[in-house]
Amino acid sequence: MSSAISPAPSPTRAPLALYVHWPFCVSKCPYCDFNSHVRESVDQPAWADALLTDLAHEAAALPGRQLTSIFFGGGTPSLMPPATVASILDAAERHWGFAEGIEITLEANPSSVEAARFADLAAAGVNRASLGVQALDDTALRFLGRAHGVDEALQALQTAQEQFSRVSFDLIYARPGQPLRDWEAELRRAIGYGTEHLSLYQLTIEPGTRFATEAAAGRLTIPDGDAAADLFETTRAITAAAGLPAYETSNHARIGAESRHNLTYWRYGDYAGIGPGAHGRREGVATARRKKPENWMAAIARNGHGIELEESLPPVTRATEALVMGLRLAEGVDLSRVTALAKGREMVNRTAVTTLAKQGLVRLQGEQLIVTEAGALLLDAILREVVVTDE
């Protein structure tokens, strides 16, 4: 880390999160609709310089802040040279300063090649790893298009736990033909590896993916209805019993081990986003970078940043985003803050809240609106009832 003196954070401004997008992958997974790309080669020095330029632009737009978290996402950011990660962290510290105990997360594939970089990534400043294990079954991994096997993933997990102070990994469930008992066994096995955070996602068919093509042709069917509900409820029951309750719809952690970076999103805090396709929310302004890597690079050379969209969000839009994101959290959302973001406009159907509360699907504690455990499965329907969308 740089020892340069960092700008003092403004006492009137909240802390800030930083997202860094690395768009490259070894291959494209059939379920993935993220902004990820396969390229035969990457000009690493040019990419490092471009990311630093994009970072400097965001820092100039958000002076006097202090970073509480940094997240390297993708794509596959564990393919980044550790020296590039170090240079970005040094620059971020110079521009903004780091809060004490800053969380610095990097997503990684659990392959032996990438695990060999973990020590250097930790030396660069990364202190939390998020591994895309995705399944603890080799047949399922092949179906999901993953390049690693279970044994390789578990070795990478062990290496990560040796190198980083905090480790999380992802699993995808509700796979075609997956019996409930098999998922229960897989989940209990995952919990047994001792990480304090798990991200557990039901498989969804996203437009534009290979799985979407397969589903449209009738060659792929995933659990839905009662089967999907049983998988979801069992997941929450098993993780809660193991001391890793759901603190967000798909994320489970021991108390205190929640992803601080992702909590910034769900609590609707400010975050800067750099790299291809990265989004940001800074003081009521939405930003989006150009998605295609080559177009983003060209914009950096032309404009000194990769921004494609930069617009002030109307108060109602900000309030709606805060409400929709916040209701994903077990802690719920502060309705008084939502009203303040909307400049005094009521954003919640209070009659619907009362009805849903009587049904045990939501709970109102003062101005904190919380979706209950019984309501978690029905979150989308609850949002349709609760959120006022008409002008």
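Note that the numbering runs from 1 along the sequence shown for the chain.
A salt bridge links E310 and R282; the closest N-O separation between the charged side-chain nitrogens and carboxylate oxygens is under 4.0 Å. Salt bridge absent: E308 and K291 never bring a charged side-chain N and a carboxylate O closer than 4.0 Å. Look at R254 and E258 and you find no salt bridge, because none of the NZ, NE, NH1 or NH2 atoms lies under 4.0 Å from a carboxylate O. Note on E311 versus R318: no salt bridge recorded, every NZ/NE/NH1/NH2 to OD/OE distance being 4.0 Å or above.
L329 and L364 are assigned to two separate hydrophobic clusters, defined by single-linkage of ILVMFWY side chains at heavy-atom distances under 4.5 Å.
Residues I307 and R289 have side chains in contact (heavy-atom distance under 4.5 Å, counting atoms from C-beta outward). Side-chain contact between Q202 and F232 is present, with at least one heavy-atom pair separated by less than 4.5 Å.
The aromatic ring centres of H279 and Y265 sit 6.0 Å or more apart. Ring centers of Y268 and W266: at least 6.0 Å apart, outside the cut-off.
For the atom pair CZ of R128 and OG of S69, the computed distance is 10.0 Å after rounding to the nearest 0.5 Å.
Side chains of S112 and E152: a donor-acceptor N/O pair is present below 3.5 angstrom, by distance only.
Although no hydrogens or angles enter the test, the distance criterion places no donor-acceptor pair under 3.5 Å between the side chain of T204 and the main chain of E206.
Sparse packing is recorded around CZ of R181, with 12 or fewer heavy atoms of other residues, nucleotides or ligands lying under 6.0 Å away.
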